[in-house]
Every structure is written in structure tokens, then in C-alpha cells.
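Contents: one structure, followed by commentary.
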Amino acid sequence: MEKAFEELQIKDDFMFSVIMRNPKFCKPFLERILGIRISRIEYPKSQETIDISADAKSVRLDIYVEDGKETVYNIEMQTTENRNLPKRTRYYQGMIDLNILEKGDNYKNLKRSFVIFVCTFDLFGEGRHIYTFENRCIQNLELGLGDDTTKIILNTKGTMDDVTPEMKRLLDFIDGKEPEDDFTRELDEAVQSVRKNEKWRLDYMTLQMNYQEKYEQGIEQGIEQGNKQSALRMIKAGKLSPEEIAMYSDLTLEQVLELEKELHQI
């Protein structure tokens with residue numbers, strides 16, 4: 001069930017995307033996660049959509065930013081447990097790289113990249129706040145592949161003492177706790193500010209309407225596909241006229257005749 005706009009928190013996809021569009025919040029957010037200083041960040045697009053070809057699945061990235069050191073950061077918020085998340089990180093990484101190459105760059109110029117998922121659950125069940133993955137040699141774990149790709153899975157419900165106090169306060173705030181330092185208080189104020197913004201309210205409502213329309217279209221397409229399958233079985237049985245099949249399958253006579261034509265061409 002969709003949330004009311006006034007109830008959105010930073011862990012909600014829409015709110016997170018809006019707030020992280022502001023470098024004032026996105027830059028320190030990344031710095032806390034990675035434990036580094038970032039000189040500046042750039043937004044190629046406010047909401048990056050990577051679509052390699054008409055036949056490929058498009059990937060909408062929550063936050064896609066670059067810094068001044070040829071590094072790409074993709075940050076995603078994940079509030080529903082999904083065991084396919086590891087393969088999603090692989091897919092996102094591939095699409096990011098292909099998108100760069102599609103623009104004419106040589107593979108040697110692929111940028112260093114971080115795919116970061118902020119999860120409100122422990123995907124791996126080890127109690128860690130942060131799981132960092134790089135490609136390494138199994139026979140010698142000290143030997144890195146050097147492909148400049150890093151995937152990070154954050155867990156707001158971690159129990160280990162494995163991150164800085166600043167990072168812990170940030171993850172706690174995302175998980176729904178009260179802000180406890182200047183940065184999380186700034187994030188909380190940003191959330192309150194977005195909730196009062198009529199433009200963002202309209203954008204959110206429009207987005208929800210689009211989701212609902214796609215959902216309903218999917219249901220309608222599923223029903224129609226089921227009706228076509230039923231009609232095909234009746235056609236193959238050969239005991240009913242096209243008119244009768246149309247009546248029983250809830251298809252039009254034209255659709256039934258087209259199915260018969262397609263079946264005879266096989």
C-alpha cells in the first residue's frame with residue numbers, strides 16, 4: 001500500500017531520491033559511507049535512466065553521480081527484502097559500464113564505480129552494518145583483479161561494532177530513529193521541507209498514478225493473455241464454433257479468428 005506524501009521518510013525511494021539530488025546532502029552521505037573526502041559531485045541527470053537498447057531492460061538509478069576524479073556512484077535505497085539483490089548489483093554495474101561505452105569511450109577509460117545499496121534489513125544475516133565486495137583471486141585474497149568496481153550493501157539493522165559512530169548514527173536515522181548529530185538533523189529538516197513542497201507532492205502523486213496505471217495494465221494484459229490461452233485450447237479441441245469460443249473466452253470474434261489463423265500457420 002502506497003504511503004501518503006506526508007508520511008514519507010528518508011528510507012522511502014521518492015524522498016531519498018529528492019534529498020540526494022542536493023550535493024549538500026549527497027556529498028557528505030557518500031563521504032560517511034566510504035570514509036573518504038570527495039572534492040565535488042556532478043549529476044549527469046537528476047534521475048538517470050540507462051537504456052542500452054530497445055530490447056534491453058531499462059535501469060532507473062535512484063542516484064547516479066560522478067566526482068571530479070573519474071568515479072561514478074550509484075546509490076539505491078532498498079526497504080523490501082530481495083534475495084536477488086546481489087545479481088541486481090551485477091546487472092546495474094554492467095549497465096553503467098555499457099552506458100559509458102555506448103558514448104564512445106574505450107573500455108580502458110571505464111571509470112571507477114561504486115554500486116551502493118542501503119538496505120533496511122540484513123541481506124546476509126551476519127549482523128554487519130556494511131558488506132563491501134571487490135573482485136579478488138580465490139587462491140590469493142591479497143590479489144585484487146583491479147577492475148575498479150566496488151559493491152557495497154549497507155544494513156541499517158546491523159549489530160556489530162564495525163562502523164564509525166557517524167556512520168552508525170546515519171544508518172540509525174535511515175532506519176527510523178531520531179537524528180543524533182548535525183548531519184542527521186539536517187537530513188531530518190530536509191525531509192520536513194520536502195513534505196511541505198507542493199511541487200514534490202504533485203510529482204509524487206503523478207508518479208503513484210503512473211505506477212497504478214502500469215499495474216492495472218499488467219493485470220489487464222494478464223487477463224487477456226489467459227483468455228487467449230483458453231481460446232487456443234478450445235480451438236485445438238475443434239468442438240466449438242468461433243462464435244462460441246468468443247463467447248466463452250471473453251474475446252472478440254476477430255481475436256478468435258486471428259488466433260485460428262496463427263495456429264494454422266504454425
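Positions are given from 1 along the sequence. Reckoned from all heavy atoms, side chains included, excluding hydrogens, waters and symmetry mates.
- Looking only at side-chain heavy atoms (C-beta outward), Ile75 and Val118 come within less than 4.5 Å of each other.
- Going from atom CG of Asp175 over to atom NZ of Lys168 covers 9.0 Å, rounded to the nearest 0.5 Å.
- Between Phe124 and Phe133, the ring-plane angle classifies as tilted under the 30° and 60° cut-offs.
- Between Leu123 and Asn155 there is no side-chain heavy-atom pair separated by less than 4.5 Å.
- Note on Ile36 and Ile41: same hydrophobic cluster, where clusters join Ile, Leu, Val, Met, Phe, Trp and Tyr whose side-chain heavy atoms are under 4.5 Å apart, directly or indirectly.
- Judged by distance alone, the side chain of His129 and the main-chain N or O of Met160 form a donor-acceptor pair under 3.5 Å.
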**Study point:** side chain to side chain contact (heavy atoms under 4.5 Å, CB included) between Phe5 and Met205, worked out
**Key:** CA-CA 8 Å; Phe5 183 73; Met205 291 174 63; 5.9 Å; no
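- For the atom pair CG of Asn74 and CD1 of Ile96, the computed distance is 4.5 Å after rounding to the nearest 0.5 Å.
- Looking at heavy atoms from C-beta onward, Asp181 lies out of side-chain contact with Pro165 at the 4.5 angstrom threshold.
- Between the SG atom of Cys119 and the CG atom of Leu154 there is a distance of 7.5 Å, given to the nearest 0.5 Å.
- At least one donor-acceptor pair under 3.5 Å links the side chain of Arg32 to the backbone N or O of Glu166.
- Of the possible donor and acceptor atoms, none in the side chain of Asp12 sits under 3.5 Å from a partner among the backbone N and O of Met15.
- The two atoms that bring Pro28 and Pro23 nearest to each other are CD-O, 3.7 Å, heavy atoms only.
- Between Glu31 and Arg37 there is a salt bridge, since a side-chain N of the basic residue sits under 4.0 Å from a carboxylate O of the acidic one.
- When the side chains of ILVMFWY residues are joined at heavy-atom separations under 4.5 Å, either directly or via intervening members, Leu110 and Tyr91 end up in a single hydrophobic cluster.
- Counting only distance, with no hydrogens or angles, the side chain of Lys11 and the backbone of Gly176 share no donor-acceptor pair below 3.5 Å.
- Side-chain heavy atoms closer than 4.5 Å link hydrophobic residues (I, L, V, M, F, W, Y) into clusters, and following such links, even through other members, never connects Leu257 to Leu232.
- Using cut-offs of 30° and 60° for the angle between ring planes, the Phe117 and Tyr92 rings count as tilted.
- Atom CD in Gln9 sits 6.5 Å away from atom CZ in Arg195 (nearest 0.5 Å).
- Annotation: side chain of Leu187 is not in contact with side chain of Pro179 (no heavy-atom distance under 4.5 Å).
- Side-chain atoms of Lys27 never come within 3.5 Å of backbone atoms of Arg40 as a donor-acceptor pair (strictly under, hydrogens ignored).
- Between Ile33 and Ile130, the shortest heavy-atom contact is O-CD1, 4.1 Å.
- Aromatic ring centres of Tyr73 and Phe29 lie farther apart than the 6.0 Å criterion allows.
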Point to revise | Check against side chain to side chain contact (heavy atoms under 4.5 Å, CB included), Arg201 and Tyr204 | key: CA-CA 5 Å; Arg201 178 193 297 275; Tyr204 179 70; 5.8 Å; no
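- Crowding of Asn140 atom CG: a count of heavy atoms from other residues, nucleotides or ligands under 6.0 Å exceeding 12.
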Point to revise | From CA spacing to verdict: side chain to side chain contact (heavy atoms under 4.5 Å, CB included), Phe121, Gln78 | key: CA-CA 9 Å; Phe121 54 88; Gln78 187 71 33; 3.8 Å; yes
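- A donor atom on one side chain and an acceptor atom on the other are found under 3.5 Å apart for Tyr131 and Asp122.
- Scanning all heavy atoms of the two residues, the minimum distance from Lys111 to Val72 falls at CD-CG2, 3.7 Å.
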Point to revise | Stepwise side chain to side chain contact (heavy atoms under 4.5 Å, CB included) test for Thr89 and Ile153 | key: CA-CA 9 Å; Thr89 66; Ile153 309 292; 4.1 Å; yes
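- Residues Val191 and Leu8 come closest through the heavy atom pair CG1-O, 3.8 Å.
- Note that OG of Ser17 and CH2 of Trp200 are 9.5 Å apart. Values are rounded to the nearest 0.5 Å.
- Hydrophobic clustering (side-chain heavy atoms under 4.5 Å, transitive across Ile, Leu, Val, Met, Phe, Trp, Tyr) keeps Leu253 apart from Ile235.
- With respect to the salt-bridge test (charged N to carboxylate O, under 4.0 angstrom), the residues Arg185 and Asp182 qualify.
- Atom CD of Glu178 is surrounded by 12 or fewer heavy atoms from other residues, nucleotides or ligands within 6.0 Å.
- Side-chain contact, Thr206 with Asp203: no donor N or O sits under 3.5 Å from an acceptor N or O.
- Atoms NZ and CG, on Lys177 and Leu171 in that order, are 10.0 Å from each other to the nearest 0.5 Å.
- Screening Asp148, Asp147, Thr150 for a side-chain hydrogen bond (donor to acceptor under 3.5 Å, both in side chains) with Asn135, the sole residue that qualifies is Asp147.
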